[in-house]
Amino acid sequence: MQGLVPAATDGNMATEFHNLQELRHSASLANKVFIQRDYSEGTTCRFQTKFPSELESRIERTLFEDTVKTLNNYYAEAEKIGGQSYLEGCLACATAYLIFLCMETRYEKVLKKIAKYIQEQNEKIYAPRGLLITDPIERGMRVIEISIYEDRGSSGSSSGSSSVSGSTAR
Amino acid sequence: MKNCEYQQIDPRALSVLPSSAQNHTEKKAQRPRRKWEVFPGKNRFFCDGRIILARQNGVLPLTLSLIIVTCGLFFAFDCPFLVKHLTVFIPVIGGVLFVFVVLSLLRTSFTDPGILPRATPDEAADVEKQIDTSGSSTYRPPPRTKEILINQQVVKLKYCFTCKTFRPPRTSHCSLCDNCVERFDHHCPWVGNCVGKRNYRFFYSFIISLSFLTSFIFGCVITHITLRTQAGKTIVQAIQESPARYPFLELVVCFFSIWSILGLSGFHTYLVASNLTTNEDIKGSWSSKRGAEDSGNPYTYNSIITNCCATLCGPMPPSLIDRRGFLPHDEAIPAVSASEIELPPFTAKNDAHMVG
């Protein structure tokens with residue numbers, strides 16, 4: 001983890017929302033951005049690192065790319081086929097798969113690490129900018145959903161907040 | 001920014017909003033519902049969401065009873081004779097195989113095969129935005145496809161109208177269960193469930209162990225009848241002597257099962273070794289006869305051992321449908337309210353509903 005974000009570079013971006021409690025009182029959900037899966041290397045879990053245009057005014061490109069790359073590394077670690085996963089698989093087969101009832105698989109351990117990481121990122125980097133990342137596991141590992149919040153009081157908020165969510169294609 | 005203090009935020013605090021605090025206390029009186037109760041697919045759930053089955057599981061009781069009855073007859077009538085004349089290991093081996101077969105079968109039937117949850121309304125709207133729809137809205141638009149490159153090979157992804165999302169590669173929508181299943185192999189009526197990414201290894205160990213079990217029982221019954229014949233009697237006399245002709249029934253069941261089960265095991269061994277699914281093999285997706293372009297299987301590791309290990313001993317992915325999680329209170333309201341703060345539920349996840 002990089003640690004605290006340096007104050008000098010993001011002074012202009014993080015001034016609107018200082019913490020999520022303020023967000024709660026004054027903000028409304030404006031838009032949601034979905035980062036899709038990247039299948040160029042097969043069916044393993046990877047997300048695209050392309051920077052979406054809706055976030056250009058909200059967060060620096062490098063911070064966003066770091067987050068997605070770290071998440072991709074975590075998922076690669078979970079799905080890695082190597083000595084430990086073979087051992088787990090063979091042990092499970094030998095016990096007629098009853099071992100899954102009492103043991104936590106490596107994938108689940110990594111998912112817990114991912115949940116913690118996302119919470120940390122939300123607290124340190126995304127919430128001060130009025131953004132919120134949803135853990136991909138809650139969306140079936142299909143997308144990383146980033147919710148964009150707008151200050152109700154601000155006049156320069158991006159338009160089309162209700163038109164996007166209420167679109168006709170349901 | 002320097003003037004304000006940075007307060008430690010807990011995103012979990014978001015789920016309790018001051019405006020809805022009153023609603024929250026009112027709704028406490030209602031029983032919190034679990035997600036399996038509102039699951040949109042055609043599945044049935046037991047044990048409060050721990051066990052999942054397809055809606056039509058008509059043949060699973062038949063499979064179980066065939067196995068249990070045949071093994072029961074074997075233990076009751078063949079084992080005493082064979083233990084006396086051969087070795088005591090016969091019922092031991094039979095017992096171990098029987099336990100393995102039943103456990104694999106139940107595990108295949110009751111495990112979530114890799115069901116993909118349906119897209120949320122926001123996701124569906126986002127996908128619709130990115131598709132160019134030309135033509136009037138009075139007729140159903142042609143199937144939407146998206147082409148992507150996997151390992152330098154072009155693969156078409158289809159749009160699923162039920163789940164409102166582009167299906168990941170190797171995913172297929174099962175019409176019997178009305179779900180998209182990852183790495184969809186086939187829907188097996190004998191097992192009463194789809195066979196997909198998460199339960200393929202259980203299915204494979206089920207058919208392999210069943211092949212061993214049927215061959216073993218077949219061999220033992222033949223040995224039993226042969227040994228009786230060797231005592232100077234004819235086959236007909238030997239069968240009449242053994243308790244009420246039950247070995248003959250076992251012979252018939254085993255004989256017919258062996259052909260199909262051994263054939264199926266051989267076929268799935270081939271699929272595992274080449275990292276294919278039944279669905280892909282039947283459709284001929286990667287057959288080299290189509291066109292001049294190099295259309296090999298993009299998922300294969302080009303080594304039989306690696307393919308086998310990856311399919312059978314790979315990491316066990318978690319269930320994506322979160323059957324036992326609780327529905328958050330704002331999702332109980334049917335219409336999506338765009339003006340309200342729609343926050344993702346940061347409910348604490350139990351380990352119980354990640355397993356299986």
Side-chain angles (χ1 to χ4, degrees), chain A residues 7 11 14-15 18-21 24-25 27-29 32-34 37 39-43 78-81 85-86 88-90 92-93 96-98 100-101 104-108 111 115 119 122-123 127-128 132 134-135 137-143 145 147 161-162 164-167 169-170, chain B residues 1-2 4 6-9 11 13-14 17 99-100 103-104 107 116-117 119-126 128-129 148-151 155 165 168-170 183 201-202 205 298-299 306 309-310 312-318 320-322 336 338-339 341-346 349 351 354-356:
Chain A
T15 43
H18 308 295
N19 52 44
L20 270 174
Q21 284 166 347
R24 195 179 69 195
H25 289 292
S28 67
L29 182 65
K32 283 188 185 180
V33 179
F34 297 97
R37 285 268 294 266
Y39 294 114
S40 55
E41 290 179 15
T43 49
E79 297 188 6
K80 195 173 64 153
I81 307 169
S85 78
Y86 291 158
E88 211 181 42
C90 290
C93 182
Y97 302 108
L98 290 171
F100 285 144
L101 295 172
E104 197 182 49
T105 67
R106 201 169 110 237
Y107 211 113
E108 287 164 358
L111 283 177
Q119 196 180 348
N122 272 335
E123 286 172 9
L132 203 64
T134 309
D135 196 337
I137 192 82
E138 300 189 23
R139 296 291 177 261
M141 306 275 259
R142 280 189 310 260
V143 287
E145 186 182 294
S147 312
S161 58
S162 46
V164 169
S165 318
S167 78
R170 285 275 169 93
Chain B
M1 188 180 163
K2 292 106 189 153
C4 300
Y6 177 81
Q7 289 185 16
Q8 194 62 31
I9 19 162
L14 292 173
L17 302 170
V99 165
F100 203 83
L103 282 177
S104 304
R107 193 79 200 190
L116 269 182
T120 55
D122 295 312
E123 252 185 86
D126 189 64
E128 292 275 343
K129 239 184 358 176
I148 55 165
L149 269 181
I150 297 182
N151 291 329
V155 174
T165 175
R170 309 191 102 176
R183 205 186 184 276
R201 67 191 72 191
F202 306 137
S205 47
Y299 311 108
T306 318
C309 291
L312 301 173
C313 299
M316 182 73 182
L320 297 174
I321 56 176
D322 189 24
V336 172
S339 52
I341 297 179
E342 195 187 338
L343 297 164
F346 280 96
K349 280 193 178 292
D351 287 309
M354 291 292 246
V355 173

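Letters A, B, ... are given to chains in the order of the sequence lines, protein chains preceding strands, and every chain is numbered from 1. Computed from a prediction, not measured in an experiment: that's the story for all the values here.
Of the listed residues B/Thr306, B/Leu149, B/Val155, the one with more heavy-atom pairs under 4.5 angstrom with chain A than any other is B/Leu149. The candidate from B/Tyr299, B/Phe202, B/Phe100 with the greatest count of non-hydrogen atom pairs under 4.5 Å with chain A is B/Phe202. The residue among A/Tyr39, A/Tyr86, A/Tyr107 with the most heavy atom pairs within less than 4.5 Å of chain B is A/Tyr39. When the candidates B/Ile321, B/Ile148, B/Thr120 are compared by the number of heavy-atom contacts under 4.5 Å with chain A, B/Thr120 comes out ahead.
Contacts of B/Pro117 with chain A are made by both backbone and side-chain atoms, with heavy-atom separations under 4.5 Å. For A/Thr105, the part lying near chain B is the side chain, with the backbone staying farther off; criterion is any non-hydrogen pair under 4.5 Å. For chain B, no part of A/Arg106 is nearby; none of its heavy atoms comes within less than 4.5 Å. At a 4.5 Å heavy-atom cutoff, the contact between B/Arg201 and chain A is made by backbone and side-chain atoms alike. Proximity to chain B is absent for every atom of A/Ala92, based on heavy atoms less than 4.5 angstrom apart.
Distance check, rounded to the nearest 0.5 Å: NZ of A/Lys32 to CG of B/Asp126 gives 10.5 Å. The CD atom of B/Glu123 sits 7.0 Å away from atom CZ of A/Arg139, with the distance rounded to the nearest 0.5 Å.
Closest of all the heavy-atom pairs between B/Pro318 and A/Leu111 is CG-CD1, 3.4 Å. The two residues B/Leu320 and A/Gly140 make their nearest non-hydrogen contact at CD1-O, 3.6 Å. Shortest non-hydrogen contact noted between A/Ile81 and B/Ala310 is CD1-CB, 3.8 Å.
Side-chain contact between B/Thr165 and A/Arg142 is present, with heavy atoms from C-beta onward closer than 4.5 Å.
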